[in-house]
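So the structure is just underneath, and the comments pick up after that.
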Amino acid sequence: MSFPLLTATAALPAIGAVVTAAVPAGRRTAAKWTALLFSLGTLVLAGIVFARFEPGGDRYQLTESHAWIKDFGVRYDLGVDGIGVALLGLTALLMPFILLAGWHDADPSPDARPESGGGGTGGAKPYRWRPTQGFFALILMVEAMVILSFEATDVFLFYILFEAMLIPMYFLIGGFGDRAHAGSDDNAAAQRSYAAVKFLLYNLAGGLIMLAAVIGLYVVAGSFSLAEIAEARANGSLEMAGSTEKWLFLGFFFAFAVKAPLWPLHTWLPNAMGEATAPVAVLITAIVDKVGTFAMLRYCLQLFPDASKWATPVIVVLALVSIIYGALLAVGQRDIKRLIAYASISHFGFIVLGIFAMTSQGQSGATLYMVNHGISTAALMLVAGFLITRRGSRLIADYGGVQKVAPVLAGTFLIGGLATLSLPGLAPFVSEFLVLVGAFSAYPAAGIIATVGIVLAALYVLVLYQRTMTGPVKESVRAMPDLRVRELAVVVPLIALLLFLGVFPKPVADVVNPAVQHTMQDVQKKDPQPEVEAAK
């Protein structure tokens with residue numbers, strides 16, 4: 001029996017979460033290093049997966065299959081295609097930077113409950129409070145579930161992971177919120193609780209609708225195996241009535257659109273990202289939300305190709321609304337983190353547009369966009385988090401002239417912003433260009449409208465930089481320190497990746513493109529041929 005590499009890639013952070021949580025109280029530094037070492041080990045395993053994956057080989061590789069719930073036909077089936085490998089790599093790559101960036105985010109405040117017990121009064125029993133251990137353990141648990149969701153090829157297994165990751169995310173948002181909050185501590189706690197509950201309710205609602213669709217799929221197909229259902233659809237042994245396929249598609253798509261997030265199911269994201277710490281905000285939008293767009297490619301298009309084509313016009317319109325709406329609201333934001341959240345809504349609109357353009361350029365661009373958006377958003381949000389931690393405020397109006405007192409911080413913030421607006425030479429440009437080419441070749445009007453999002457992105461990014469980094473130095477930032485060694489260790493590699501993938505995206509594109517061709521075959525679509533006028 002070959003080594004279960006995919007299982008190991010997900011199991012290592014899960015084990016790390018347990019070990020981190022078990023670190024004794026008062027040993028915060030040990031807990032941090034434990035979590036970081038497990039995340040680095042996961043990155044090594046992800047690199048082995050990437051190296052062993054053969055782009056020209058079978059669609060799903062490194063497969064594992066074991067019986068799980070025999071009475072219901074549920075199996076523990078794993079396998080990765082090129083899209084899954086790319087997103088697995090993104091998750092493992094970003095996690096060490098997320099942990100390093102949040103190194104002090106869960107350290108108890110001076111008035112917090114004691115970590116190592118305490119004498120108490122009146123014979124009260126001492127208690128132990130370990131927020132640092134809990135914070136890092138929850139992050140590792142999310143990593144394990146996200147990685148396994150990219151590997152799962154059993155629909156029911158995927159559903160379990162899709163829902164289970166909500167639990168640690170709920171506690172990360174509600175229990176470890178941003179300390180740079182205007183108002184009293186009670187008001188801050190109420191805002192965090194509201195954001196966490198809203199996140200949970202929206203995603204649970206989507207998950208419950210998906211559960212009904214999962215059960216319906218099993219009734220129709222008699223299996224939860226993605227490979228078996230797709231093969232039966234391809235050879236004609238499974239015939240699904242048109243109305244049935246449409247309803248099942250809508251059940252799956254609704255859940256994925258909430259997770260994505262796609263307008264009008266997006267409203268939980270600004271609250272969640274605004275109230276979470278910057279590293280957790282990156283975890284939400286750069287990693288967890290990618291499960292939604294990934295699932296559109298793997299499940300919606302592969303299981304319900306006819307319904308996907310039927311719904312395409314409406315989904316393209318929703319994607320365009322997300323692009324323009326998210327960008328417009330980003331322009332008008334006064335809160336730095338909420339601005340980045342609305343920018344992400346706009347970017348997810350581009351990803352969904354690329355997926356449902358049903359062209360190879362669009363879907364390749366959408367997959368690259370998932371990877372590149374994850375890196376660029378991580379760079380921008382984490383630098384923004386360092387800035388906010390120094391000043392203690394998320395409001396843009398509280399900053400000014402930062403580049404004169406912290407030039408390295410301002411410079412890295414600018415590069416992250418330029419990547420967000422897809423400047424040529426940085427990684428997101430390649431993916432956004434492919435999405436627009438793919439969309440324009442299939443839906444010219446949609447491609448033209450989507451370009452408005454590029455103009456608005458330049459507006460909100462450059463205005464943000466101008467108001468926070470340029471101009472006279474405000475008294476409140478005059479003593480602001482520049483980036484420290486730990487913070488540079490977070491930011492510099494992300495910027496290097498943005499530059500590298502901006503000029504040489506081939507390593508990722510070569511892995512992604514064969515998987516996209518399989519998806520195009522699933523929906524029986526071919527790229528539109530350009531119209532060339534005959535020479536006179």
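One-based numbering along the sequence shown. Heavy atoms only: backbone and side chains are in, while hydrogens, waters and symmetry mates are out.
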Problem - Intermediate values then yes/no, side chain to side chain contact (heavy atoms under 4.5 Å, CB included), I139 and L99 - result: CA-CA 8 Å; I139 290 177; L99 294 173; 3.7 Å; yes
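- Using modelled atom types and a 3.5 Å distance limit, the side chains of T420 and S376 yield no donor-acceptor pair.
- At a cut-off of 3.5 Å, with distance as the only test, a side-chain donor of T7 or Y76 sits close to an acceptor on the other residue.
- Relative to the ring axis of F304, K246 does not place its NZ or CZ within 45° and under 6.0 Å from the centre.
- Below 30°, between 30° and 60°, or above 60°: for F350 and Y369 the angle between ring planes is below 30°, a parallel geometry.
- Between the side chains of S225 and D154, no donor-acceptor pair of N or O atoms lies under 3.5 Å.
- By the neighbour-count criterion of 12 heavy atoms within 6.0 Å, atom CH2 of W247 is sparsely surrounded, having that number or fewer from other residues, nucleotides or ligands.
- Under 3.5 Å, the side chains of N372 and S431 contain a donor-acceptor pair of N or O atoms.
- A side-chain donor-acceptor contact under 3.5 Å links T267 and Y202.
- Between K259 and G292, the shortest heavy-atom contact is CG-N, 3.7 Å.
- Between F252 and Y299, the ring-plane angle classifies as parallel under the 30° and 60° cut-offs.
- More than 12 heavy atoms of other shown residues, nucleotides or ligands fall within 6.0 angstrom of atom CZ in F97.
- When each of F156, F224, Y159 is tested with Y218 by the rule ring-ring contact (aromatic ring centres under 6.0 Å, His included), just one qualifies, namely F224.
- A salt bridge links R298 and D81; the closest N-O separation between the charged side-chain nitrogens and carboxylate oxygens is under 4.0 Å.
- A perpendicular orientation is assigned to the rings of H373 and H347, their planes being inclined by more than 60° (bins at 30° and 60°).
- In this structure a side-chain-to-backbone donor-acceptor pair under 3.5 Å is present from S441 to G438.
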